[in-house]
Amino acid sequence: MPSKNERIYFVEALRERGYVRRRCKKCGRYFWTVKGDAEVCGDRPCSTYSFIGNPPVKLSEDLNSLREKFLSFFERRGHVRVKRYPVIARWRDDVYLVGASIYDFQPWVTEGLIEPPANPLVISQPCIRLTDVDEVGISGRHLTSFEMMAHHAFNFPGKEVYWNEETIELSLDFFTRELGLKEEEVNYIEDWWSGGGNAGEDFEVVVRGLEVATLVFMHYKVVNGKLEEMRNRIVDTGYGLERIYWLIKGDPTIYEAVFEGLCEKVKRIAGLSRLDNELLSDAFKMGGGGGGVEELARRYGYEVDYLNKSLEAYRALYRLLDHSKSLMLMLGDGVVPSNTGEGYLARLLIRRSLRDLSFLGGGLTLSDLVKMQLEYWSAVFPEYKEVSREILEMIEVEEERYFRTLRKSKRLLMRKLKDLKGRGKRELPVEDLIVFYDSHGLPPELVKEEASKEGVIVNIPQNFYSLLAERHSSQLIKGKESGLEGIYEMIEGVPPTSKLYYEDPYLPHCEARVLRVKGDYVILDRTVFYPEGGGQPADRGTILHNRGKAEIIDVRKVGDVVIHKIKGEKPKEGEIVRCIVDIHRRKKLMRAHTATHILLGAARRLLGRHVWQAGAQKGEEMSRLDITHHKHITEEELAKLEELANEVVMENRSVKASFMDRNVAEAKYGFTLYQGGIVPSRTIRVVEIEGWDAEACGGLHCRRTGEVGLIKVVKVDRIQDGVERIEFAVGEGALKYVQGLYFAARKASSLLNTTPKELPAKVKELLARERKFRKEIAKLKMERLKIEAERLLSKPLEVGEFKLLYGVYEGLSEEELIKLAAEVLKTCPVGLAFLTNKREEGELDYVIMLGQGLLSKGFKAPELLKELKEVCPLKGGGKDDMVRGILREDCLEQAVSRIVRWLRSGVG
Ligand SMILES: [Zn+2]
Ligand SMILES: [Zn+2]
């Protein structure tokens, strides 16, 4: 394992400016400073924040012009400005959200697979990190969303850009010449960084206790816990925009600085009392003092209760400001709240905010707050304002859902608490807190409140939400099942297969040379057979060769080689064969695939730009498209979706597929390209429906939309929280589907002697008639039971003071037997009803019911059942007042005499 490369820290640029290397007395780290006698590194906790109320420079910049200052400084110094990436990391399969600017370039650029969009480059990347979500609003310095301003240089073998010297010089110049800080304010601390599978030495830049930048020299790969030198060396820097702004403003908390005007506005609306800046800084442990609320109250002349409440309100306010901005970024970039993946993280922020809002009062809603954020950031992020309708609607739906589930879940919680107390327990375990949050939407603070009313203790872990967020912040890399075990040796040394299906998707056959045959697998030099991919199934067809023919039963692509699985006679290596694709089936699949793209474009226009493809499967008869959406698609929306899609078909737009450089394609179409997921290559194939939809897609498509034919949506289902599944049929399949419906409707209407259009009215009428009949039948049955009851009561078998009411029936249900028994015992409480009904050959259903008079004498039906079982084989069971089951017909008489005996035993 290579150890740290200490030489990286010895930078000429630092020494030239009079920096010397010292070792921190407190943390032991080495650091560079111009103060030769400095003893501590200047980072927390070795030093405290000394900029609060006392910023090191006076600047007139606001947050936005500070960002601009950074970007244009690096532009002047040879960097190309790159547009920000979305906060949802669509191009990665290991994380959901962008947590640092380097995420934008991992893994494709850092691995050297594709060129960086510019080199060197400068960017300000909004990032979301929920790792310290519990600290937000408590500590005064944590944020869940922040902008990482960065300059990156990618050094590839033979193509050096710059390394440690230039990095330090640039950073020094930015802090001192551009921002005007004195060199004695800026310390460089030697440190070590690792993340995302990479590692390297780094400098932390600190000013007055605040870490304002990290400069990483990434040149190791972490493989199985060991460091390996990378081929590429990458300068990965991160300058915290919000932190630097806080530094030059010297506000008591970072929130007061970042949200300035907005913070004041919300304070006014929520009616928050104004607290002294020094007090705030002490209370949020930012400045020197600190101490408990009691001490603060004494020091600043407040009542303890009042101060406690005010501070609690400030914490809620800060959290709300932070969370609502993160929500704007997340929802605006396409996250749909749900219970999985990035949707889970959004919902977590929403629910925490709703809780804080109900505490804060003042009638402020979360959508109000997000609306204010949209306005507040509209100059820098106009793209979010463009989708404000979608963002606000998602928030409103979530608000409603939360309050609805809250009511239900509270009842559930009360039951759980009672149950807990019933079992003598006094504490609710943390696992239950997680279940209540995850499955029932109950925040732990609320659970604690309710529990304390019941005398049950709840201990909420301080990092409760961070734990939840961490559980949901990385994706499981999906296991790849290829079904092609042992195939990798087979493709070794085989040249890429020439893919004729891309050159002409209508080509029905070709000649090809057999390169390899192994088991049932065949590799050709060229092929017309499309391998499974992008939700489009593999082609079917036949291969004709010298010894006969073989059927194609599966086609897969491994790397650049297409492998055919065959059934039948095997061809020989080296021979020329004729490949014939089932072109009829292929065309069906092409239509289905093009229809999927058309529908997605329609859904994004109709439902909103947050809609994203969550999955798709094309079939010959039926296809499906799963989209992210925060609520159910209504019937009207469905009809509109269908109309819009079919309009695009009728407009007969062109569909073009072309291979493009990844950077060029991303710049032209944006990240909405990756509807079908990530594409791991330098060039990507872009399928564009003229003026409608563009996606990175490896599938086969029609030349024009008109070929698709009718698109008929068959069904919409909610398959998981936040995901709707649209099932549809296309072309022939759609026609067949509609014909099927038509014929069924015709048949049904002719049976009912009406027309298909009148069918619903007719069925309604029939159902009403059926209901009426049912009622009449029930009435008749009741009357029959009454007559039967009178008959039974008129000839009871007297056993002392008791009466046996015995009857044998046919055609009564068990329910009717019970009703009858209950009816007779109402008039005859000293009776025992023994009623049977013939079921199959030789068997009877029976019911034995005891009247109140018998029960009060201590008779119990199950005891009788036990005795009966001694004389005749019968099944059944029940409670004290009634037993029921099945009895053999031939022991009926024995049963009756046994019952009489049993009754007699109680006479007296
Ligand atoms: Zn230190
Ligand atoms: Zn596609």
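Side chains included, hydrogens not; waters and symmetry mates left out as well; all remaining heavy atoms used. Order of appearance sets the numbers: ligands from 1, and atoms from 1 within every ligand.
- The angle subtended at the Zn ion (ligand 1) by SG of C46 and SG of C24 is 110°, given to the nearest 10°.
- Of the candidates R21, R29, R7, R21 is the only one forming a salt bridge (Lys or Arg N to Asp or Glu O under 4.0 Å) with E190.
- In summary, the aromatic rings of Y9 and Y188 are positioned with their centroids too far apart to meet the 6.0 Å limit.
- Salt bridge status for R17 with E183: present, with a side-chain N to carboxylate O gap under 4.0 Å.
- Under the 4.0 Å criterion applied to side-chain N and carboxylate O atoms, R22 and E39 are not assigned as salt-bridge partners.
- Between L589 and G619 the shortest heavy-atom distance is CD2-C, 3.7 Å.
- Using the six-membered ring where Trp is involved, F51 and W246 have ring planes that are perpendicular, over 60° apart on the 30 and 60° scheme.
- Inside a sphere of radius 2.8 Å centred on the Zn ion (ligand 2), the protein N/O/S atoms present are H593 NE2, H597 NE2, C697 SG.
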